[in-house]
Protein chains: 2
Amino acid sequence: MKTTSRKAEIIAEASQLFKEKGYSAVTVRDIAQAMGIKAASLYNHIEGKQEILSVLILDLAKEFTSGMNAILKMNNSPLQKIEKLIELHIDITVNQSEALAALNNDWMHMAETDVNNFVVMRETYEENFRTIIKEGIAQGQLQPRHPEVILFSILSTLRTLYLWYQKRGKLDVNLLKRDMVAVLIRGIV
Amino acid sequence: MKTTSRKAEIIAEASQLFKEKGYSAVTVRDIAQAMGIKAASLYNHIEGKQEILSVLILDLAKEFTSGMNAILKMNNSPLQKIEKLIELHIDITVNQSEALAALNNDWMHMAETDVNNFVVMRETYEENFRTIIKEGIAQGQLQPRHPEVILFSILSTLRTLYLWYQKRGKLDVNLLKRDMVAVLIRGIV
DNA sequence: ACACAAAACTAACGTTTGTTAGTTTGATTT
DNA sequence: AAATCAAACTAACAAACGTTAGTTTTGTGT
């Protein structure tokens, strides 16, 4: 059964190394060694080191974008939308944690065009999130805090979840979702 | 008035570059250019590229450690201690944001001994924080959520604050503290 | 058995990397 | 005026970098 292409295997292997040391500190020889082949052999499958990074990041960014769009279409309350967004991030984290590391830390090392596309996608995503929060405040469903503080505190928690999930012995995803929603939305007191 | 040594100037300049591109992507020639001198001239002041990183990270780690120790000595309630910790992070972020980027993202690129010291300091810090949270739960002051989820959601927000503070036009520190404490502790609903 | 394509290989390339060695500059002290 | 010293310089190094070119191996369908 050959379900994964060689290119996909390379990208998967590279993403783990990128997560550990960052894109710039990983050499193509490192990636090749992890694959059990020589560095030059990689170029039968990829165009270059940067392509790996771009595939990793842009594919994931698209996943966030389409997840956001799906949530925007639902006619739920702002608070319910935020809950859905938290669950979206957790789902992506659970099976894409390596790509998340690259997206968070190494996006600026993509080719210029890709960086520009990425930044637009990211700003759009944040703007959509911000709008949901503002609606929640306007409707009296959320506390009247500075929307930027709310956006940031939720988003930074979710964005770095990949660092922390998995080192704590894989706690159950549904338990994680429940407690995370509770903590982020209802606080800890 | 010569209040800052040349070495300190180099470290300050380097930390800005590290924040933008990460340690590995910054060359000593980049740092030299930012200083307006040649790369070789740096070595009159520093032992090597790694030394810059270690000074940045370990000095900051010590600051967190002594801040934590001061808070542990106070006889406040767990909740009050957490508020103090949030303020500690905000204070450090406001005037050390470049070093924070290195501490978060590039600690693994220090020399092995320094990495080991750092990891111990970090684990100790987290363990102290976790203990405070557990006490808060035990005393009924905090909601009975998974302590790890609480610890993580607070800490990850505070740790990445440096990314976000300053691009939003330097909102007032006291306002930031107040809203951040409110959001992290009392939630958003 | 043969042809073909996928995927590995060896060898090398031009650059860039961090760093060292030895020298010159410019200001301050004696 | 001579000596001192911090801090810059030029020149070069060996090693590591991403990548290319050309060749050989391996597996698959005919």
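Sequence lines set the chain letters: A, B, ... in the order given, protein chains first and strands last, and positions in each chain run from 1.
Of the candidates C/dG18, D/dC9, D/dG18, C/dG18 carries the atom nearest the B/Lys49 side chain, counting heavy atoms from C-beta on. Taking every side-chain heavy atom of B/Ala40 into account, D/dC9 is the closest of D/dC9, C/dT10, D/dG18. When each of C/dT19, D/dA8, C/dA11 is scored by its nearest atom to the side-chain atoms of B/Arg6, the top-ranked nucleotide is D/dA8.
The CD1-P distance, from B/Ile10 to C/dT19, rounds to 13 Å in whole Å. What separates CD of B/Glu9 from C1' of D/dA7 is a distance of 12 Å, to the nearest Å. Rounded to an integer number of Å, the gap from CG of B/Leu42 to P of D/dA8 is 9 Å. The separation between A/Glu47 atom CD and D/dG18 atom P is 17 Å, rounded to whole Å. Following rounding to the nearest Å, B/Ile46 (CD1) and D/dA8 (C1') show an atom-to-atom distance of 14 Å. Rounded to a whole Å, the OH atom of A/Tyr43 is 18 Å from the P atom of C/dC13. Nucleotide C/dT19 holds its P atom 10 Å from the CD atom of B/Glu51, rounded to whole Å.
A/His109 and A/Tyr23 have parallel rings, their planes meeting at less than 30° on a 0 to 90° scale where 60° marks the start of perpendicular.
Only B/Arg29, B/Ile37, B/Lys38, listed by number, bring a heavy atom of residues 23-38 of chain B to less than 4.0 angstrom from any atom of DNA chain D.
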Sequence neighbours excluded and cut-off under 3.5 Å, please list the side-chain donor-acceptor pairs for residues 137-145 of chain B, or say none.
from, atom 1, to, atom 2, distance (Å)
B/Gln141, OE1, B/Leu79, N, 3.3
B/Gln141, NE2, B/Ser77, OG, 3.2
B/Gln143, NE2, A/Val189, O, 2.8

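Between B/His45 and D/dA8 there is a side-chain polar atom (N or O) within less than 4.0 angstrom of OP1 or OP2. Taking 4.0 angstrom as the limit, B/Ser41 places none of its side-chain polar atoms (N or O) nearer than this to OP1 or OP2 of D/dA7.
For B/Asn44 against D/dA8, a side-chain-to-base donor-acceptor contact under 3.5 Å is present.
If you check the side chains of B/Ser153 and A/Thr157, you find no donor sitting under 3.5 Å from an acceptor. Side-chain contact check for A/Ser41 and A/Asn44: no donor-acceptor pair (N or O, by modelled atom type) lies under 3.5 Å. Using a 3.5 Å distance cut-off with no hydrogens or angles, the side chains of B/Thr113 and B/Asn116 do not pair a donor with an acceptor.
Salt-bridge check for B/Arg178 with B/Glu83: failed, with every basic side-chain N at 4.0 Å or more from each acidic carboxylate O.
Just one residue in the list A/Phe64, A/Trp107, A/Tyr125 forms a ring-ring contact (aromatic ring centres under 6.0 Å, His included) with A/Phe118, and that residue is A/Trp107.
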